[in-house]
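Working notes, beginning with the structure itself.
Note that the coordinates shown come from a computational prediction; the quantities given were computed from them, not determined experimentally. Note on naming: letters A, B, ... go to the chains in the order of the sequence lines (proteins, then strands), and numbering restarts at 1 for each one.
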Amino acid sequence: MIDTTVTPKLELRNITKWYGPEGTGVLAVDDCSVSVQKGEFVCVVGPSGCGKSTLMTVGAGLEDATRGEILIDGKPAGKPGPRRSVVFQKFALFPSETVAENIKFGLQMTKVPRDEQERRLREQLEIMGLTQFRDSYPSQLSGGMQQRVAIARALAMQPEILLMDEPFGALDAQTRTILQEEVQRLSHQMQYTVLFITHSVEEAVYLSDRVIVMSRRPGRIKKEIRLPRDVVWKQGDIEQAAEHPDFIEARREIWGLVREEIMAA
Amino acid sequence: MTVKTSPSSLLPQPLVYGAVSLGILGLVWVLATSVFGWVGPEVLPSPFDVIARFANLTTEPFAGAALSGHVFASLERWSYGVFLAILLGVPIGIFFAWAPWFRAVVNPVFETLRYIPPFAWVPIAILWFGASTTTQAMVVFIAAFPACVINAQLGVQHVDDILIQASRVFGARQHQTLRRVVVPVATPSIFTGIRIAISNGWMALVGAELVVGKTGLGFLIAQGQRE
C-alpha cells in the first residue's frame, strides 16, 4: 500500500491555467491539485479538451501555471529537466537522429559519462525490443516502434517521475494493447512514479493505483478513485483483467463520471 | 515490428524525360533557323553558328579576354556574393524565427530594403566601391540574401513545437536545442533557400555586368551586341 501521509514525489498544487489574458482568455484548468506518491501510478481521465494535457504540460514545467505551484519532494520543481521525463502522444522523436541517438539525447545533454550512456542505451534497447533498430531513423519505424523509442528515451534518464501524455492515443488498437501490457509489467517491476494522461477509462483502470476524473472545461478535479494495486488480475493481459468483477465495477463507476461530463457539455 | 521500406529508385526515367525535352527544344531551333528558315540569322542565329562562335571564343580573346577569362571573372564575383549571402542570411533567418525580439527589431529594415531591386543598388554601389568586383558582388549579395533569410526562417518556424518541448524536457539548453534539433529539421528548407539564392545571384550578376565593368559574361554579351 502506498503511504499518502508522506510528502508526495510530485505535487501539482492549486494549478490554474489561463491561455491569453486572465479573465478574458481561455480558462483551461481551474484550481486543480494532483499529487503522486513515490512508486504510485496515477491516471488522469476526462473528456476531450478538459485540460488534462495542459495539466501535463504545466506539470512538466514546459509552461508556467497562471497560479499554483509544482513541487517535487515538497520543493519547487523549477525548469524542465532530467528528474521528470515525458512521453508525448505524438512521440516527438528527433527525425534527423537514429534510435540510438534519440535514446542517448538526454544523457548527453545532462553529461552522463560515455560508458554509462552506452550501458543505459543497451539496457533500454533490450527492454523495449529495439536492439535491431538501433541505427534506424524514426521515419523508418511504425508508430508502435516509435513510441517504444520514446519510452526508452524517457526511461534511460532514470527519472524520478515519468509523465505520459496519452502515449498510446495515436496507436492502433493491437499495438496499444501490447504496449499497455508492457508498461504495466515495467511499472510493477521498477516501481516507477507515473502521472499518466488518457481518455481511455479501460487503460486507466488497468494501469493505475488511482484514477483522477476531470470535469469538462474549465478542468476541475471531479473525483478521485483509488484502485487495488497488488492484485493478481492486474498483472496479466488486459483482456483477462477486463473480465474481473473489480475491473468491471471500477470501469462502470469511472465511465459514469466521464459520461456525465460529456453529456453536460 | 514492421519496418517501412523506402520506394525503389526512380532515377533513370527523369533522365530520359529530360533528354527528350531538351532534344525537342534543340530540334525546333534547328528546324526554325537552318532547315525551314522561318527566322533569319539577324533574329535568331542557328545552333550551328552559335556552336562555331562558342568554339572560337574559347581560344580567341574577345572584349579583353577569352571566354574562360570572362567566365572566371563572373564566377568569382558570383561566389563572393552568394557566399556572403549564405553566411549572413541563413543565421539571420534562423534567428528571425527563433528570437522574436530580434525579428521585431530587424525585420522592418529587412522588409523595407528587400523591395529595392538589386540593379537599383548599382549606382550607389559604384559610388561606394567604384566599378570593381566588389560592386558586382554586392549586387549578387543583394539578390541572393533574401532567399537565404526567408527560407531559413520558414524552415525554423515549421519545426514542430513538440520537438522543442521534448528537447527541453531532456535537459537541452536553448543553443543545444537550436543546434541539435531545430537546424537539422530546418535544413531542407535552408537548402531550398540556398538553391534559390544561387540562381538569383547568377541572374543579377549577368544583369549587373551588362551595365558596369569590363569583364564577365554580362559584359561579353553587351560587347557582342554592340559589334
Side-chain angles (χ1 to χ4, degrees), chain A residues 53 56-57 59-63 79-97 99 101-112 128-133 136-146 148 150 153-154 156-157 159 162-163 165 172 175 178, chain B residues 1-11 86 90-91 93-101 104 148 151-195:
Chain A
S53 281
M56 171 67 66
T57 315
L62 289 166
E63 280 176 7
K79 287 182 188 296
R83 298 179 75 185
R84 290 170 284 181
S85 273
V86 180
V87 177
F88 297 90
Q89 180 179 3
K90 290 182 192 159
F91 322 139
L93 297 176
F94 307 122
S96 57
E97 309 208 342
V99 166
E101 288 163 345
N102 264 284
I103 294 172
K104 285 204 281 190
F105 183 94
L107 305 176
Q108 290 164 344
M109 291 302 148
T110 52
K111 299 200 167 59
V112 171
M128 285 290 144
L130 291 165
T131 305
Q132 65 181 116
F133 301 109
S136 301
Y137 285 89
S139 62
Q140 297 171 305
L141 303 177
S142 65
M145 295 308 286
Q146 290 189 47
R148 284 169 189 268
R153 178 176 64 175
M157 300 298 286
L162 189 58
L163 300 164
D165 186 7
D172 64 84
T175 309
I178 301 295
Chain B
M1 294 193 194
T2 55
V3 177
K4 288 183 220 155
T5 52
S6 59
S8 60
S9 173
L10 295 166
L11 195 66
I86 294 169
V90 170
I94 290 169
F95 280 105
F96 267 8
W98 190 246
W101 64 268
C148 293
N151 284 281
Q153 182 192 338
L154 282 179
V156 172
Q157 272 170 354
H158 284 159
V159 175
D160 194 340
D161 194 46
I162 202 155
L163 294 180
I164 296 163
Q165 290 190 355
S167 179
R168 289 175 63 201
V169 159
F170 291 106
R173 292 155 171 273
Q174 286 248 340
H175 69 273
Q176 291 168 318
T177 300
L178 194 61
R179 206 183 62 230
R180 188 134 171 212
V181 178
V182 174
V183 172
V185 174
T187 295
S189 180
I190 290 171
F191 272 97
T192 301
I194 290 174
R195 275 177 57 191

Exercise for the section: Inspect the surroundings of CD in B/Gln174 and state if more than 12 heavy atoms from other residues, nucleotides or ligands are less than 6.0 Å away. Expected result: no
Exercise for the section: Might you confirm whether atom CZ of A/Phe94 has over 12 heavy atoms from other residues, nucleotides or ligands at distances under 6.0 Å? Expected result: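 Enclosed: over 12 neighbouring heavy atoms sit under 6.0 Å from CZ of A/Phe94.
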Under 4.5 Å heavy-atom distance to chain B, tell me which part of [X] shows up: side chain, backbone, both or neither.
{"X": "A/Glu101", "value": "both"}
{"X": "A/Leu130", "value": "neither"}
{"X": "A/Phe88", "value": "side chain"}

Completion exercise
From the list A/Ala92, A/Ser96, A/Pro82, A/Ala60, the residue making the most non-hydrogen contacts under 4.5 Å with chain B is A/Ala92
Completion exercise
Of the listed A/Lys79, A/Glu63, A/Glu97, A/Met157, the one with the largest count of heavy-atom pairs under 4.5 Å with chain B is A/Glu97
Handout entry: Non-hydrogen side-chain atoms of A/Gln108 and B/Gln176 separated by less than 4.5 Å
Key =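 No, every pair of side-chain atoms sits at 4.5 Å or beyond.
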Practice task
Could you tell me whether the side chain of A/Ser85 reaches within less than 4.5 Å of the side chain of B/Phe170, counting heavy atoms only?
Solution key: yes
Problem - Nearest-0.5 Å distance that lies between atom NZ in A/Lys90 and atom CG in B/Leu163 - result: 10.5 Å
Problem - Distance (rounded to the nearest 0.5 Å) between B/Ile164 CD1 and A/Leu62 CG - result: 11.5 Å
Problem - Atom of B/Ala166, atom of A/Arg153 and distance for their closest heavy-atom approach - result: CB-NH2, 4.0 Å
Exercise for the section: Go through the atoms of B/Ser167 and report whether side chain, backbone, both or neither lie under 4.5 Å from a heavy atom of chain A. Expected result: both
Problem - B/Val169 versus chain A, the contacting section by heavy-atom distance below 4.5 Å - result: both
Exercise for the section: Count the heavy-atom pairs under 4.5 Å between each of B/Arg180, B/Gln165, B/Arg173, B/Arg168 and chain A, then report the option with the highest count. Expected result: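 Of B/Arg180, B/Gln165, B/Arg173, B/Arg168, B/Arg180 has the most heavy-atom pairs under 4.5 Å with chain A.
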